[in-house]
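Shown next, in structure tokens, is the structure this report addresses.
Throughout, numbering of the chain's residues begins at 1 and tracks the sequence. Note that ligands are numbered from 1 as they come in the structure, with each ligand's atoms numbered from 1 the same way.
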Amino acid sequence: MSEKYDVIVIGSGPAGYVAAIRAAQLGLKTACVEKWTNDAGSVVNGGTCLNVGCIPSKALLDSSHRYHDAHDGFDQHGINTGDLSINVPEMIKRKEKIVAQMSGGITGLFKSNKVTSILGYGKLLAGKKVEVTDNDGGSTVYEADNVVIATGSVPVNIPVAPVNPADNNIVVDSTGALEFQEVPKRLGVIGAGVIGLELGSVWSRLGSEVVCLEAMDSFLAMMDQQIAKETKKILTKQGLDIRLGCRVTGSEVKGEEVEVSYLDSNGEEQKQTFDKLIVCVGRRPFTEGLLAEDSGVKLDERGFIFVDDNCATTVSGVWAIGDVVRGPMLAHKGSEEGVVVAERIAGQKAMMNYNIIPNVIYTHPEVASVGQTEEQLKADGVEYNVGTFPFLAIGRAVAADSQDGMVKMIADAKTDRILGCHIVGPSASDLVQQVAIGMEFGSTAEDIGMTVFGHPTFSEAVKEAALSVHGHAIHMPNRKKRK
Ligand code: FAD
Ligand code: AMP
């Protein structure tokens with residue numbers, strides 16, 4: 001038996017590393033176990049988010065946006081670029097540099113916060129013991145007063161389109177789509193969800209003809225449908241061919257291409273050939289090899305680790321956070337759970353508000369939402385007022401050639417408290433956060449409407465949408481009635 005810790009965290013993604021740092025800040029002797037290694041055999045911290053998720057996808061979204069802007073948007077500013085070309089391997093190298101920098105940053109934070117980093121595969125044994133198996137197969141058992149499971153998620157693989165590296169990486173998952181060394185001419189994407197739209201956008205901006213095959217009849221079903229419709233219009237105008245109600249039924253790699261079969265929205269069989277196919281049909285919790293039979297930790301019916309509202313599992317002193325438990329699979333949701341659990345372990349009464357978690361799709365423009373959608377409120381029988389405001393009436397947006405999209409604010413009909421805000425438009429990710437803060441403080445639409453906003457800013461669309469809830473927006477084009 002080796003050293004004993006106050007807290008052992010298994011997994012160093014945004015849920016696990018944040019839990020570990022917060023626990024150490026609170027004076028707890030903490031270790032974080034991570035199995036991910038680089039080519040040199042050293043530990044790689046940061047999980048999916050830093051290595052193959054949020055950060056690398058945003059790096060490529062940024063590069064591809066710059067290229068696309070230079071290609072199609074600069075001339076109207078009087079900027080002549082001449083012949084443009086994209087060096088994909090350089091773009092991928094830049095992404096890898098960013099990933100290494102961010103991941104190294106976590107390792108540095110562990111050192112400065114005195115979190116012990118343990119390389120190896122963690123397995124929870126009975127009695128809050130953690131067995132760690134290293135790359136050579138050697139294992140060490142550590143003991144802890146508290147164990148935090150943060151083992152995250154992995155892409156769902158579907159039998160109709162198996163991801164098989166032996167097939168020349170023609171059918172890939174999101175990780176493979178961050179590694180292409182050239183722009184595929186014809187790119188298929190299965191699943192027009194958040195990840196599919198982001199990755200489809202990257203390669204579409206660089207010149208791929210992108211077809212997104214989505215099984216559901218509605219687009220972004222979890223989003224407010226008015227904003228989803230607007231988003232689809234904008235993305236389609238940009239060249240993404242989004243086909244709803246199309247269920248993929250098979251795929252066959254033939255040499256350097258893949259033929260995909262699907263049932264279209266009329267139930268008719270269709271076939272389409274692509275040079276690359278990205279499978280983005282969701283993610284599943286990762287618990288392989290994690291739990292000894294007698295660990296006592298239970299899974300729910302969908303394979304997530306079962307936890308209560310405060311992330312406590314069925315075993316006292318064992319907690320679980322992030323993608324491996326219920327709730328949205330978002331980095332910031334996992335991080336916040338990490339803070340809550342660390343503080344609870346330290347005896348504090350921390351809680352998390354699951355009703356106010358922003359959700360962003362980093363297309364251009366961005367799509368962001370917080371709180372409830374109009375569809376959810378209708379289903380719950382809640383009475384509400386809606387205010388919308390288009391970016392085309394916002395001076396800063398017009399000046400920045402970013403006038404596509406709108407802000408939609410929903411407030412309770414009786415109390416005027418903001419119940420939700422849904423945005424497609426420039427900097428939507430940052431704008432929605434302003435409303436999230438307001439909602440945490442119980443803000444009404446009137447409160448936001450009475451706040452002085454800087455001019456000219458994209459944020460003014462938030463103020464105008466809030467005013468619009470009561471029919472008072474100042475710059476509203478095509479006003480029908482004024483109260
Ligand atoms: P993970 O990040 O998956 O980390 C789990 C870690 O645990 C991994 O490092 C894994 O190696 C390790 N591990 C697992 N089992 C063991 C074990 N037994 N022993 C030791 N170590 C183990 N979310 C956002 O909020 N915003 C975004 O913009 C965004 N973009 C995304 C883009 C893509 C392409 C993808 C794939 C995901 C994106 N996500 C985004 C989702 C986000 O990455 C996840 O929600 C987040 O990483 C979950 O964090 P986590 O800590 O729970 O798990
Ligand atoms: P997300 O949950 O945001 O990652 O999105 C995954 C998307 O993939 C969902 O919208 C699913 O409807 C879609 N999907 C799942 N299986 C298939 C399939 N066989 N064909 C087409 N789309 C699918």
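- Heavy atoms of Ala221 found under 4.0 angstrom from ligand 2: none, in either backbone or side chain.
- Of all the heavy atoms of Tyr17, none lies under 4.0 Å from any atom of ligand 1, so neither backbone nor side chain is involved.
- Below 30°, between 30° and 60°, or above 60°: for Tyr5 and Tyr142 the angle between ring planes is between 30° and 60°, a tilted geometry.
- Contacts with ligand 1 closer than 4.0 Å are made by backbone heavy atoms (N, CA, C, O) of Ala150 only, the side chain lying farther away.
- Ring planes of Trp203 and Phe180: tilted class, angle from 30 to 60°.
- A donor and an acceptor atom, one from each side chain of Ser429 and Glu366, are located under 3.5 Å apart.
- Selection from Val194, Leu197, Val189 by nearest heavy atom to atom 3 (O) of ligand 2 gives Val194.
- With ligand atoms numbered from 1 in the order given, ligand 2 contributes 6 (C), 7 (C), 8 (O) to contacts under 4.0 Å with heavy atoms of Cys280.
- Within ligand 1, the atoms closer than 4.0 Å to a non-hydrogen atom of Val52 are 34 (C), 36 (C), numbered from 1 in the order shown.
- Crowding of Met222 atom CE: a count of heavy atoms from other residues, nucleotides or ligands under 6.0 Å exceeding 12.
- Under a 4.0 angstrom heavy-atom cut-off, Leu213 registers as being in contact with ligand 2.
- Looking at Met216 next to ligand 2, no N or O pair under 3.5 Å apart turns up.
- Remark: among candidates Gly53, Cys54, Ala177, the nearest residue to atom 42 (C) of ligand 1 is Cys54, based on non-hydrogen atoms.
- Against a heavy-atom cut-off of under 4.0 Å, Val281 is close to the following atoms of ligand 2: 6 (C), 8 (O), 14 (N), 15 (C), 16 (N), 17 (C), 23 (C).
- Side chain of Lys35 to backbone of Ile10: no donor-acceptor contact under 3.5 angstrom is found.
- Heavy-atom distances between Cys246 and ligand 2 reach below 4.0 Å in at least one pair.
- Of the candidates Val156, Asp173, Leu199, Cys280 forms a side chain to side chain contact (heavy atoms under 4.5 Å, CB included) with just one, namely Leu199.
- Every atom of ligand 2 with a heavy atom of Gly282 under 4.0 Å away is listed here by number and element: 4 (O), 6 (C).
- With a heavy-atom cut-off of 4.0 Å, Pro56 does not touch ligand 1 at all.
- Every atom of ligand 1 is numbered from 1 in the order shown, and the set under 4.0 Å from a heavy atom of Met329 is 41 (C), 45 (O).
- Neither the backbone nor the side chain of Lys333 has any atom closer than 4.0 Å to an atom of ligand 1 (non-hydrogen atoms only).
- Considering backbone and side-chain atoms alike, Val248 places an N or O below 3.5 Å from some N or O of ligand 2.
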